Amino acid sequence: MNCEEATKLMDGYLDGELDPITSQTIEQHLRDCPNCEQKYMANRALVNAIGSAIPYYKAPAGLRERIQCSLREEIADRPARAVPRLLVTRKQPEPRTTLFGTPWNWLSLGGLGLAAAIIFAAIIFSNLAPMLRRPGADQFLATQLIASHVRSLMVNHLTDVASSDQHTVKPWLDAKLDFAPPVVDLASEGFPLIGGRLDYLDNRTVAALIYQRRKHFINVFVWPGEAAARPALAMSHQGYQLLHWADPDFNYWAVSDVSASDLQTFKQQFEAQRSHH
Amino acid sequence: MAAPLKVDYAFDTEDLESSAKIVKFAILKKHQQQDAAQEHEVASFEETMLPHMDAAHNLAKWLLRNEEDAQDVVQEAYLRAFKSFSGFHGSNGRAWLLTIVRNTSYTLLKKNRAVDLTTTFDEEIHTAGYESVSPAAILEHSENAELIKEAMDALPMEFREILALRHQEGLSYKEIAEIAQIPPGTVMSRLSRARAELKEYLAARIGKDK
Ligand SMILES: [Zn+2]
């Protein structure tokens with residue numbers, strides 16, 4: 001091995017990345033050639049010194065949370081990919097019911113005649129009625145709704161369309177959805193509109209309307225479905241207030257950390273404004 | 001006969017609602033199981049990959065030389081890694097993540113049409129006239145982190161990359177070849193050039209200050 005070859009392989013030797021035979025050849029050369037040996041020693045000291053002096057940029061505080069948040073957002077968004085299918089193909093009914101199906105839909109989709117359907121429903125009810133006394137579906141739905149509400153605040157994704165003008169928010173939502181959710185102006189009632197967003201619950205695209213009450217936000221999730229009006233249902237869950245109501249066209253779930261009475265007021269104003277249209 | 005009674009009973013809206021609730025209950029239970037499976041997937045990913053967050057950030061910062069971009073790239077890289085995590089069966093999570101960080105960084109730079117990718121180190125400017133600075137003199141200054149940082153930042157991207165991977169992560173030539181997507185035989189020569197140019201930059205700076 002000559003000096004030129006030795007110089008070329010020096011970094012590999014330094015890093016311990018040469019095969020044993022080449023390593024031995026270099027070692028032999030370094031023993032025989034003081035010039036190369038001196039160069040090697042100087043190079044090694046310098047490389048080690050510089051190498052350990054390169055500043056290491058540790059991840060700053062908050063990056064972990066940011067990553068974790070985006071991973072959970074990714075998971076939460078997954079059903080969204082199934083949504084276009086739901087939006088486009090309405091020709092044949094869903095093979096199974098969804099959370100959003102009305103009882104009538106569910107029963108008729110099962111391929112049963114109306115009378116049989118009613119009997120079937122009655123049998124289910126009489127057999128399983130005691131189960132219904134337990135906190136059930138609404139509690140689970142509440143958990144989902146709260147998760148959506150929290151996520152919208154956490155990942156800085158409160159609105160897809162940010163506007164206090166109902167005439168901006170409503171057309172935007174109408175264009176994105178297969179239904180036309182009501183959007184009302186409640187600014188003079190102390191609940192200014194912040195904007196709208198698409199959200200996903202149970203593989204279903206729903207409209208989320210965002211209103212503000214002082215420094216708090218109210219997410220109102222809206223989707224069509226309820227055949228008949230049902231009494232409002234108020235819940236408190238995980239420190240959040242939830243209020244559910246329905247009118248002949250839509251289901252509503254309002255979620256917020258405002259007080260229960262504020263949320264009631266909100267609902268009353270919302271319904272009052274809605275009935276004007 | 002009991003059935004007609006039940007039919008009457010069932011016309012009550014509340015009853016229909018109740019039966020629907022049972023269905024809702026069953027569906028929500030299923031979704032909860034799906035949620036649990038997804039949460040498990042995230043947890044297992046985080047356990048494997050989050051320990052390499054410093055390495056990911058360090059590499060991204062050296063490549064991009066900008067804190068905000070580095071954080072964006074790391075977040076994006078984690079998301080990409082998560083999406084293809086089911087296809088990852090290797091044992092070297094760090095090298096795998098760093099490959100993604102590196103690719104994401106290059107994508108960002110290309111998008112910003114950064115000149116950095118084509119910049120080549122101008123040896124004449126950096127080395128002319130400083131032959132007199134001895135290795136010992138450079139060694140004296142080699143613990144000056146501020147100066148080393150300046151020298152690193154002045155190097156082309158491919159050199160910053162290989163120096164970070166070798167000296168800060170202590171990766172083998174084979175791992176470096178995979179991450180930097182170069183033939184294994186090229187790693188040694190590139191590393192050698194990167195070190196030489198780092199030394200030359202330092203020599204130039206020290207010579208100028210004298
Ligand atoms: Zn020699």
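Remember, predicted model here, so these are calculated numbers, not experimental data. All chains are named by letter (A, B, ...) in the order of the sequence lines, taking the proteins before the strands, and each is independently numbered beginning at 1.
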**Q.** No-hydrogen, no-angle side-chain donor-acceptor test under 3.5 Å, A/Y57 and B/Q168
**A.**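 The criterion, which ignores hydrogens and geometry beyond distance, is not satisfied for B/Q168 and A/Y57.
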
(Q) If you count heavy-atom pairs within less than 4.5 Å of chain A, which of B/L59, B/D72, B/V187, B/L147 leads? (A)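 It is B/D72.
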
Q.
Rounded to the nearest 0.5 Å, what separates atom CD in A/E17 from atom CZ in B/R166?
A.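 The CD atom of A/E17 sits 5.5 Å away from the CZ atom of B/R166.
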
**Q.** CZ-CD1 distance between B/F45 and A/I67, expressed to the nearest 0.5 angstrom
**A.**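 Taking CZ in B/F45 and CD1 in A/I67, the distance rounds to 8.5 Å.
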
Q: Could you walk me through whether B/R80 and A/E74 pass the salt bridge (Lys or Arg N to Asp or Glu O under 4.0 Å) test, one step at a time?
A: CA-CA 10 Å; B/R80 287 191 195 183; A/E74 163 67 18; over 6 Å; no

Q: Compare every heavy atom of A/L71 with every heavy atom of B/Y78, then report the nearest pair and how far apart it is.
A: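 Taking B/Y78 first and A/L71 second, the nearest heavy atoms are O-CD2, 4.0 Å.
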
Q: Over all heavy atoms of both residues, which pair between B/D54 and A/A59 is shortest? Give the atoms and the distance, please.
A: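 That closest heavy-atom pairing would be OD1-N, 2.8 Å.
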
Residue part contacting chain A, namely of [X], when any heavy atom lies under 4.5 Å:
X	value
B/A56	neither
B/Q75	both
B/E146	neither
B/L202	side chain
B/E41	side chain
B/M152	side chain
B/S172	both

Above 12 or not: heavy atoms from other molecules or residues under 6.0 Å from [atom1] of [X]?
X	atom1	result
A/N35	CG	no
A/Q38	CD	no
B/E68	CD	no

**Q.** Contact winner vs chain B - A/R64, A/R66, A/Q68, A/K58, heavy-atom pairs under 4.5 Å
**A.**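 Max contact count across the listed options: A/R66.
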
Q. With respect to chain B, which residue among A/A53, A/G12, A/G16, A/P55 yields the maximal number of heavy-atom pairs within a distance under 4.5 Å?
A.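 Heavy-atom pair counts peak at A/P55.
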
Q: Check each atom of A/L18 against the heavy atoms of chain B and say whether the ones under 4.5 Å are side chain, backbone, both or neither.
A: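 Side chain only.
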
[X] versus [Y]: any side-chain heavy-atom pair under 4.5 Å?
X	Y	value
A/I54	B/K149	no
A/P60	B/E67	yes
A/Y56	B/E169	yes

Q. Which is it for A/D15 and B/R195 under the salt bridge (Lys or Arg N to Asp or Glu O under 4.0 Å) test, yes or no, and what are the steps along the way?
A. CA-CA 12 Å; A/D15 290 323; B/R195 285 164 174 166; 2.9 Å; yes

Q: Would you list the pairs meeting ring pair (Phe, Tyr, Trp, His ring centres under 6.0 Å) in which at least one residue belongs to residues 160-194 of chain B, sequence neighbours left out?
A: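 As it turns out, there is no ring pair (Phe, Tyr, Trp, His ring centres under 6.0 Å) pair with a partner in residues 160-194 of chain B once direct neighbours are skipped.
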
Q) Under 4.5 Å, heavy atom to heavy atom, which residues of residues 43-52 of chain A contact chain B? A)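 Only A/N43, A/A45, A/L46, A/V47, A/A49, A/I50, A/G51 of residues 43-52 of chain A have a heavy atom under 4.5 Å from chain B.
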
